[in-house]
Protein chains: 2
Amino acid sequence: MTSTRHAFGSDLISGDLIVGGKARRGQGPEIRGINPATNEQLEPAFAHATSSDVVDVAQLARDAFSGYRTTSAEARAMFLETIARNIENIADTLVARATAETGLPAARLTGEVGRTTGQLRLFAEVLREGSWNGARIDPAKPERKPVPRADIRLRFVPIGPVVVFAASNFPLAFSVAGGDTASALAAGCPVIVKAHDAHPGTSELVGRAIADAVAECELPGGTFSLIFGDGPGIGTELVTRPEVAAVGFTGSRSGGLALVRAAAGREVPIPVYAEMSSVNPVFMLPGALERDAEKLGAAFVGSLTMGSGQFCTNPGLVFGVGGPDLERFISCASAAIEKSTATTMLTPAIAASYNSNQAAMQDRDGVETKGLGRPASCSNAGLPALLVTDADDFLAGRELQAEIFGATSLIVRFRDEEQMSHAIAELEGQLTATVHATDNDERLAARLVELLELKVGRILFNGWPTGVEVGHAMVHGGPFPATSDSRTTSVGSLAIERFLRPVSYQDVPPALLPSAIADGNPDKIWRRINGEMTNL
Amino acid sequence: MTSTRHAFGSDLISGDLIVGGKARRGQGPEIRGINPATNEQLEPAFAHATSSDVVDVAQLARDAFSGYRTTSAEARAMFLETIARNIENIADTLVARATAETGLPAARLTGEVGRTTGQLRLFAEVLREGSWNGARIDPAKPERKPVPRADIRLRFVPIGPVVVFAASNFPLAFSVAGGDTASALAAGCPVIVKAHDAHPGTSELVGRAIADAVAECELPGGTFSLIFGDGPGIGTELVTRPEVAAVGFTGSRSGGLALVRAAAGREVPIPVYAEMSSVNPVFMLPGALERDAEKLGAAFVGSLTMGSGQFCTNPGLVFGVGGPDLERFISCASAAIEKSTATTMLTPAIAASYNSNQAAMQDRDGVETKGLGRPASCSNAGLPALLVTDADDFLAGRELQAEIFGATSLIVRFRDEEQMSHAIAELEGQLTATVHATDNDERLAARLVELLELKVGRILFNGWPTGVEVGHAMVHGGPFPATSDSRTTSVGSLAIERFLRPVSYQDVPPALLPSAIADGNPDKIWRRINGEMTNL
């Protein structure tokens, strides 16, 4: 480790870009990390990249692609594990810096280190298991009439260099070495990360951990680059570079749509996986409210206010049928909100935006404020808020389903179950929908599942959407505007498929066949032969 | 069959649209089928749809979606088989009409009936096999620390109504009941076909066969609609309807790009699977040329001139290292071309475009005409042509790699193997690349495979690209501009994945779980449990 750290000129954070494994001082405007709890500016200054840096990282990634994509799955698995170890080796420094830059509690960030390294190791497992190859073999049928069938084999290959836009709200797990980076590197794609200015020091530390792993594993330098820069300028330049083959993004709707538009203007269109906007409706069914209104009210506020509500899957909308049980839920949730305290948000801009969006929502016709958290002495605080409205006001337009990034949620009182079910058709696409139900609610719950399948990426029962398990069956995605491409997920092992495309090999001589589709199954993976699954 | 035919008022071709199972006279401009061999106009007149027809088919498809998507896989398999039977029942009528409308030989069209019904039955098999569900189960771990793991399950669901733009060059297999329609219907998506004006009667006959099957299988009427109309007008209106969730297209680059642009301008982006443009380079390696130059020259012309060269995978470009062996190949291919006869192309417009593009290519600097077929007395004929150029002229720009849809091919003489390998980087994305090689060529062939994997959807050895097998391992796709989305294929069983998206089910009560991810595996399908494949 020591030797590679010296490659960056210092053991401290330098504020440099990482361009194909080498530190380089950006020549753009300088920014600094800011401690949002104190508004203190943090050292050192980070210089934004310029257009020539963008050209360089893109060309280095393209140059690295041929070498990196032909590494073995085992080599890439070891690379991901090396990144994980390098991150663990600097965990204390990372957590300290990330706490200073984000205002998030150290315990949460320590957990996030584990989530990040766990994701990297999950993709190492996925690589070794081998199903990502999508191997298929239709053997030749020389005797077939009227024409013989050729030997045809299929495997998936990496799509090319990927640009990843780091998110602000998970400075580790959705940032420099987050899910997008892990899945793209696993697929065999070089990665260029555009760091988020909200946590530049954390970004550099993690970027070094990856660049060190590139060197330790003797991979091409251009396999990984990290640059700082503004999204509308440098971000758009990155997305429109001809060397770039795909884009991963987690952030705001306006930011994601700008990248989608930039990519659509390219000569060669490329996939943009932008995870953007979701209010994650929660359906409180009559049986659940009757039995558990109080308990659910308190638990709901726990999910809403966790991490200052700064989760993509934060429950920003609650649907229930008006009546005494819903009022019990509301009053218990209000009481819990009023006991909560404002907490520091990730950046001054996020806090300002939260407070103004919250105020605007409170002012809308038909919206009643039922509970507000207690103010806090910290800077950039966001006050948790519980708002209530009636279905007719909610359904009058789409304004009341706009996401407020933070701990504000709107409860909608419906006239009856029918009106509540119908409202689903009026919802925009969502990452999640939650149903609270008892056995007595089964008929309605079944109807909701059928309707919600059209609108969301994940349906969950009797829990809260804010935990996103990293596993094989997770979908963190969903119809627009939750994401720009509903066919995929950005969390979990399925995410590797975003960065792969299929290639057929017809009558290719055995000596030239990739091992995934070679005779005798040397990789010992699951394959589809004549359409049937086999691991032989 | 008889009773359902009466639903259309006549056993003859009516020229009507099929709007959600019902015949309706379009109110737009009228067009007629034209026999390209004679320029004879065919009865009856077909009326183009108007904007209000577009609104209706889109809304009917949306209304049909909830009912159709929740049919069982077995019900959809039987539906596809019913369509196949209905097509077989009218095979003679179909072939006769298609021959008149396209100038293609009856034998070819009879084969295409088999290909079309074979595709439908392949997707019925795929539905019954069940892997298309992508079922994954991560069972709960209540004992896990620090937080228990929820029960999380994943399956793929249909994406929504699909608009299919029929191609001109396969009036059956890539048209109304072609691969796009079969895969979308298999996935559970209602389909709206925009017929190709080049074979309107064939389109109506097949459309009726599908609409009859919808009625016989008691599916919602909006499961299938067929409309006539111009691509820039009606086509764009279809693609921008909010009810439409995905688009399949096979045709020209300009047509495909217009749809891609129209879709990019939507409020909600949707996938557009446009298969557009490919010159399908063929690499003649030194060993192969040395051993088989004459035989390969003749076989190449066979592939080039088949079906008047009107295949997406027609070999429009041949690469070889200059020298006596390549000259033997060229002279033998020229001789074969000169023995060939011009044949009728699909439409007057296609023939006119072919002839003018061919003439323009012949006039380009450095392009030498080495052979021309014999003129024919039929109308709308395309003269096969063999052109030759040197690598420096070829590499000077991209003009010489433009697709000429028809039986014209350009042979490029390279200085050496190195120059030929480097030229691959200058190629646009392709559906296929073909390598002719002997054991002596292995080193070069291996290098080419590695380079071609970045550029094409299918690599084939010692054959010709014009046969596209419908199977499990086929990729008919590739990087832009071969297609607008390289992550998929439009031929073969993998194509069903284009119209599906994943949904997670977290702690959903067992009674509400779809059978694909229910306990006990009632569908008896392959699933991934805790990341491991099992059919138990």
(request) Please flag which part of E442(A) lies under 4.5 Å from any non-hydrogen atom of chain B: side chain, backbone, both or neither. (result) both
(message) Between E129(A), E125(A), E532(A), who has the most heavy-atom pairs with chain B when the cutoff is under 4.5 Å?
(response) E129(A)
(request) For chain B, find which of V268(A), I459(A), L451(A), I159(A) contributes the most heavy-atom pairs closer than 4.5 angstrom. (result) I459(A)
(message) If I measure from the heavy atoms of chain B, does F156(A) come under 4.5 Å with its side chain, its backbone, both, or neither?
(response) side chain
(message) Tell me the closest heavy-atom pair linking L494(B) and R136(A), and the distance in Å.
(response) CD1-NH2, 3.6 Å
(request) Please report the closest heavy-atom contact between R498(B) and R487(A), naming both atoms and the distance. (result) O-CD, 4.2 Å
(request) Answer yes or no: is there an ion pair linking R144(A) with E469(B), defined by an N-O contact shorter than 4.0 Å? (result) yes
(message) Which one wins on heavy-atom pair count under 4.5 Å against chain B: P481(A), P479(A), S66(A)?
(response) P479(A)
(request) Quick one: closest heavy-atom pair of V456(B) and V503(A), and the distance? (result) O-CG2, 3.9 Å
(message) To check you understand the geometry: which heavy-atom pair defines the closest contact between P502(A) and S486(B), and what is its length?
(response) CD-O, 3.5 Å
(message) If I compare all heavy atoms of L512(B) with all of A446(A), which pair ends up nearest, and what's the gap?
(response) CD2-CB, 3.5 Å
(message) For D151(B), which atoms come within 4.5 Å of any heavy atom of chain A: side chain, backbone, both, or neither?
(response) neither
(message) For chain B, which candidate among I270(A), D439(A), L454(A), T489(A) shows the most heavy-atom pairs at distances under 4.5 Å?
(response) L454(A)
(request) Specify which of I137(A), I529(A), N530(A) makes the most heavy-atom pairs with chain B at under 4.5 Å. (result) N530(A)
(request) Mind ranking A445(A), G492(A), P509(A), A264(A) by heavy-atom pairs under 4.5 Å with chain B and telling me who comes out on top? (result) P509(A)
